[in-house]
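Heads up, the thing below is written out as structure tokens.
Per chain, numbering begins at 1; letters A, B, ... match sequence-line order.
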Amino acid sequence: MQEEISATKYDPTSVEQRWYSYWEENGLFHSEPDEREPYTVVIPPPNVTGVLHMGHMMNNTLQDVLVRRARMMGKNALWVPGTDHASIATEAKVVGRLSEQGIRKQDLTREQFLSHAWDWTREHGGIILKQLRRLGASCDWQRTAFTMDEVRSKSVIRVFCDLYDKGLIYRGLRMVNWDPKARTALSNIEVVYKEEHSKLYYLRYYVADQDAVRPTGAEGEVLHRDEDGRYYAVVATTRPETIMGDTAMCINPKDPKNQWLRGRRVIVPLVGREIPVIEDRYVDIEFGTGCLKVTPAHDVNDYNLGKTHHLDSIDIFNPDGTISENSPLYVGLDRNVVRKMISKDLEAAGLMEKVEDYLNKVGYSERNPDTAVEPRLCRQWYLKMPHLAKIALKPVLDGEIKFYPDRFLGTYRQWLENIDDWCISRQLWWGHRIPAYYLPSAEGEEERFVVAESREEALERAHKIAGCEHLKAEDLRHDEDALDTWFSSWLWPISLFDGILHPDNPEIKYYYPTADLVTAPDIIFFWVARMIMAGEEYMHQVPFRNVYFTGIVRDKLGRKMSKQLGNSPDPIGLIDKYGADGVRLGILLCTSAGNDILFDESQVEQGRNFCNKIWNAFRLVKGWTVSDDAPRSEAAEVAVKWFDARLKATVAEMDRDFEQYRINDAVMCSYKLFWDDFCSWYLELVKPAFKDGVQDPIDRGTYEATLGFFDALLRLLHPVMPFITEELWHALDPAREGDSIMRQRMPGAGKVDEALLADFASACQTVVDIRAVRQAKNIPVRDTLRLQVKGAYPALLAPVVSKMAGISQVESVADFGSGAGQVFMVGTTQYNIPLEGLVDTGAEIARIKAEIQRYEGFLRGVNAKLSNERFVANAPEQVVALERKKHSDATTKIENLKAQLSKLENL
RNA sequence: GGGAGCAUAGCUCAGCUGGUUCAGAGCACCUGCCUUACAAGCAGGGGGUCAUUGGUUCGAAUCCAAUUGUUCCCACCA
């Protein structure tokens, strides 16, 4: 320590490692239920194979601040960590790795594939949890959970069966959003719509029965004929590659342009197949030519048209997005390739009328952002939403759960009020396998199944079905699909405490509901809303009280951080460079609820500099020699009293900020308290004089008080900067070995002596003004000055200006005398620094004149108010009184200045 | 197409229930200092029609309306 303390820079590396191990080894993050008030936070589980990015950094720093603070407020704080199996993302990574080794997923059995996936999980899983330790996260690691561990898996299965038995889960055949890369269905919210520049292709659909075409003569009718006189319709489409699936063309019956097409049949270009022309009001007359090609298998709207008009449906795609055998053309080719190809072929065949640029919205898979979603008709599992949406809406509208910022309430409400059933099945292996078992069935027979937690139970259930009494276990076919990842995440606050399987266990009863949830607004639907549903359904209680929405971390230019752009700093690299405390402070200072943050390394630099400041303040204090006989200086006397008040006032302010989740404000408060109030004022005031190369000793009383303040400041800062505060808290007193700052209480707010704070502020202003005079006149600090005062001034002024501004003497005078001096005002009190020969009278006159002008302008404004009868009559008394005070103060100031001016002019 | 947010100093943003926290903070910038804790620092300083236009009010950065710009969310128009 002795050697380390001589360093003028704080070195976080060894400190951070040492204390984190200490905390963990001593179980300081661990919580067990006891008689204290619980404070619970569950981590938004990061992907098990993920690595820490800036978003995690911000999010987890915020959580850690809340948790550490709660712990030091005397609560039994618990922060439960864990990871998410992230089925699509993880499965995609595993598939990717296998294919690098030349292995295709379809060549593996389910068991073989899962074994690879578990290998991958063990290999990469937990990296992110280690990284969170570097950040200082005070998670109870003994409780680390995984969405696919035993308790969580069983909970998911139990809930599925329960919801099925309640009639909330069903199997349905409908259009789903299909991800052809992952080859799975997606829920609606997993589709991200992106605007993109594409083409609108105008295709010729020749009329089949040319001879039957009769112009109707309707006004505005548009007939198309080629050079041979053959009639054709023109269809505008963005997806020419789907024409092989066309089973109709649709016009609006009211469309005058296309009256002649009513009742006709047309020929699908290239394909040559005849399809009917149907009529439906759905078609927009204004769009394109008013003719719509109908492909019921590949478009939701077309599907609906197909249903109402009883059209055939031709599915021309394979699950991977290549053209299937159902198509006469392009079989086996990818849909994106075919689009280019077919447009050329259409062109060549003279079937392409024209191509226009077109801006349209295309749905992409959230997890495979390069893959456009393909609407596809298939059978999936769904969870009914009306009941769950209803129970999830109430606690938020009632304010039982509070959102910070509360504007997300509107988003939340709107979504729940217009919610679709949730497609919960995924055609993936990595995840919780759907506990449905199909009974043997003959070809064409409707599928029959039972839902149960195990095959044995399923068999029992199956036996109860007529005709199935003799089935054997192996006759049951287990559903191949897995559940949506969010179907496990939504149970997280419950399943972490085993509340699904054992609803009455002491842990769930103690820790649930959790206190605060810190998360990003983009998962408000995916996760937040659904956790509330599950909480209400299974615990009959909200899962958390407050939801703090963070913003998105962007770079300095406002761009989202991404791997592609390479604009995302490596968080661990930042910690290596600046220290975890510095990084935490840097992030916290620019975070406010719901607002995106524009991250720049300079903010982290600021954090590091602050660590340095704390470190050096510590060096100063620890470097003092203490004397039991030395008397306490007047300046120290004032400083101790003042800082005590200042500290209490700041604590109160921070408490208010935390209550409203204005965390950045609270952090800034403590930053300024330490840097400005403690270092720049307090320490400078109590700092013993330095004479003849020797520093005077400090008196014991002031020293003890200073250590006390330092201690309080460290406690106040601990939630934000856990490492340096623990280090210095120990260094303050060797007797603390074996203890931890984490176990101490936060400083409390107390009654604040406001008058003292005001007096001190006035004295500070005086110091600043004196220093300004010194700088302007180039008077070094070692040359002491005299200060004359006209009027009332605070009693603590003299010691403060003496110590801080090099004033040897403060004289109360009736008049500043005839000699030249530098006069200034603090409030309405006039001060003068006699400076014979140093004052430029001309410049001074000009300055005072400008000053007078400024105050006169101010006074005019005040007078305007005061002479307004309605103001005097209507405004609250206090406000009017204030205005009167402004008036009298300004008048006094102007008088003072004028007197000063005339004196100078008469020199 | 529907909804929400934002617009205040060069940058990032506070400004909460209209009135001394009213025009603020941090960073950046300028000037002077290597003053025995800290140059990653100290001291001092400049800088803004509060997007625009109306309205409410004794009084508006603050409340209301419209406009402009911008960001985000939701929605099946090929």
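The distance from atom CE of M668(A) to atom C1' of A14(B) is 10 Å, rounded to the nearest whole Å. One can place CD1 of I698(A) at 16 Å from C1' of U36(B), the figure rounded to the nearest angstrom. Between the CZ atom of F674(A) and the P atom of G41(B) there is a distance of 14 Å, rounded to whole Å. In this structure, L598(A) atom CG and A7(B) atom C1' are separated by 14 Å, rounded to whole Å. A75(B) atom C1' lies 18 Å from atom CE of M175(A), rounded to whole Å. In this structure, R662(A) atom CZ and A14(B) atom P are separated by 9 Å, rounded to whole Å. Atom CG in D302(A) sits about 10 Å away from atom C1' in C76(B), given to the nearest Å. A4(B) atom C1' lies 8 Å from atom CZ of R407(A), rounded to whole Å.
Contact check, Y193(A) against C73(B): no side-chain N or O comes under 4.0 Å of OP1 or OP2. Remark: N595(A) is in phosphate contact with A14(B), judged by side-chain N or O atoms under 4.0 Å from OP1 or OP2. Contact check, K613(A) against C42(B): a side-chain N or O comes under 4.0 Å of OP1 or OP2. Contact annotation: K622(A) side-chain N/O to A37(B) OP1/OP2 distance is not under 4.0 Å. Taking side-chain N and O atoms only, Q878(A) has no distance below 4.0 Å to OP1 or OP2 of U20(B). Considering only side-chain N and O atoms, R619(A) lies nowhere under 4.0 angstrom from the phosphate OP1 or OP2 of C38(B). Between S680(A) and A43(B), a side-chain N or O to OP1/OP2 separation shorter than 4.0 Å is present. Listed pair W675(A) / A40(B) fails the phosphate criterion, with no side-chain N or O lying under 4.0 Å from OP1 or OP2. OP1 or OP2 of G41(B) lies within a sub-4.0 Å distance of a side-chain N or O belonging to N609(A).
Cation-pi geometry between R771(A) and W681(A) is satisfied (NZ or CZ under 6.0 Å from the ring centre, within 45° of the ring normal). A cation-pi arrangement is present between K354(A) and Y202(A) under the rule of less than 6.0 angstrom and at most 45 degrees off the ring axis. Geometric assessment of K893(A) against the ring of Y855(A) yields a negative cation-pi assignment under the 6.0 Å and 45° thresholds.
Looking at N612(A), its side chain comes within 3.5 Å of the base of A40(B) through a donor and an acceptor atom. Below the 3.5 angstrom threshold, one finds a donor paired with an acceptor across the side chain of E684(A) and the base of A37(B).
Among the nucleotides A14(B), G26(B), A78(B), the one closest to any side-chain atom of S592(A) is A14(B). The side chain of R554(A) has C72(B) as its nearest neighbour among G44(B), A78(B), C72(B). Side-chain atoms of T8(A) lie closest to C38(B) of the nucleotides C38(B), A78(B), A40(B). The listed nucleotides are C77(B), U20(B), A40(B); the one nearest the side chain of D284(A) is C77(B). Counting only heavy atoms from C-beta on, L683(A) has its side chain closest to A37(B) among G44(B), A37(B), A78(B).
A ring pair (Phe, Tyr, Trp, His ring centres under 6.0 Å) with F403(A) is found for exactly one of F408(A), Y412(A), Y548(A), namely Y412(A).
Within the 6.0 Å centre-distance limit, the rings of F674(A) and F710(A) are counted as a close aromatic pair. Separation of the F549(A) and Y404(A) ring centroids does not fall under the 6.0 Å cut-off.
Mapped onto RNA chain B by nearest heavy atom, Y358(A) and D889(A) fall at different nucleotides, with D889(A) at the one closer to the 5' end. With the nearest nucleotide of RNA chain B identified for both V781(A) and F610(A), V781(A) has the one nearer the 5' end.
Base contact: V879(A) has a heavy atom under 4.0 Å from a base atom. In this structure, V283(A) reaches the bases: a heavy-atom distance under 4.0 Å links it to at least one base atom across the strands shown. Residue Q660(A) is classed as a base contact, given a heavy-atom separation below 4.0 Å to a base. Residue contacts shown for K777(A) are absent, as no nucleic acid heavy atom lies under 4.0 Å away.
Among residues two or more places apart in sequence or in another chain, the salt bridge (charged side-chain N to carboxylate O under 4.0 Å, His left out) test is passed with E659(A) by none. Partners of E605(A) by salt bridge (charged side-chain N to carboxylate O under 4.0 Å, His left out), not counting sequence neighbours: none found. Here N616(A) pairs with R619(A) under the side-chain hydrogen bond (donor to acceptor under 3.5 Å, both in side chains) rule; sequence neighbours left out.
To the nearest whole angstrom, the two P atoms, one in C64(B) and one in A78(B), are 36 Å apart. Nucleotides G18(B) and G10(B) have their C1' atoms positioned 31 Å apart, rounded to a whole Å. Taking atom P on both U12(B) and U70(B), the two are 16 Å apart, rounded to the nearest angstrom. Distance noted for atom C1' between G46(B) and U52(B): 28 Å (whole Å). Across the P atoms, C73(B) and C30(B) are found 39 Å apart, a figure rounded to whole Å. Comparing G48(B) with C11(B), their C1' atoms sit 14 Å apart, to the nearest whole Å. Taking the C1' atoms as reference points, U49(B) lies 15 Å from A7(B), given to the whole Å. With both ends at atom P, the span from C29(B) to U67(B) equals 42 Å, rounded to whole Å.
D246(A) places no side-chain N or O within donor-acceptor distance of the main-chain N or O of K293(A), the cut-off being under 3.5 Å. Looking at Q603(A), its side chain does come within 3.5 Å of a backbone N or O of L598(A) through a donor-acceptor pair.
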Atom pairs, protein N/O to nucleotides 29-31 of chain B N/O, distance under 3.5 Å:
residue	atom	partner	partner atom	Å
U31(B)	O2	Q775(A)	NE2	3.2

Grab the N/O contacts between the protein and nucleotides 55-65 of chain B below 3.5 Å, and write none if there aren't any.
residue	atom	partner	partner atom	Å
C58(B)	O2'	N868(A)	ND2	2.8

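Under the 3.5 Å distance criterion, with hydrogens and angles disregarded, no donor-acceptor pair is assigned to the side chains of N304(A) and N301(A). Side-chain contact of S592(A) with N664(A): a donor-acceptor pair under 3.5 Å is absent, judged by distance alone.
RNA chain B contains the following stems of three or more consecutive Watson-Crick or G-U pairs, with both distances under 3.5 Å: B:1-7 with B:68-74, B:10-13 with B:24-27, B:29-33 with B:41-45, B:51-55 with B:63-67.
From R608(A), atom CZ reaches atom CD of E601(A) across 9.5 Å, with rounding to the nearest 0.5 Å.
A salt bridge does not link K672(A) with D676(A): every distance from a Lys NZ or Arg NE/NH1/NH2 to an Asp or Glu carboxylate oxygen is 4.0 Å or more.
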Kindly determine whether F610(A) and Y671(A) satisfy ring pair (Phe, Tyr, Trp, His ring centres under 6.0 Å), including the steps that lead there. CA-CA 8 Å; F610(A) 187 43; Y671(A) 178 89; 4.7 Å; yes
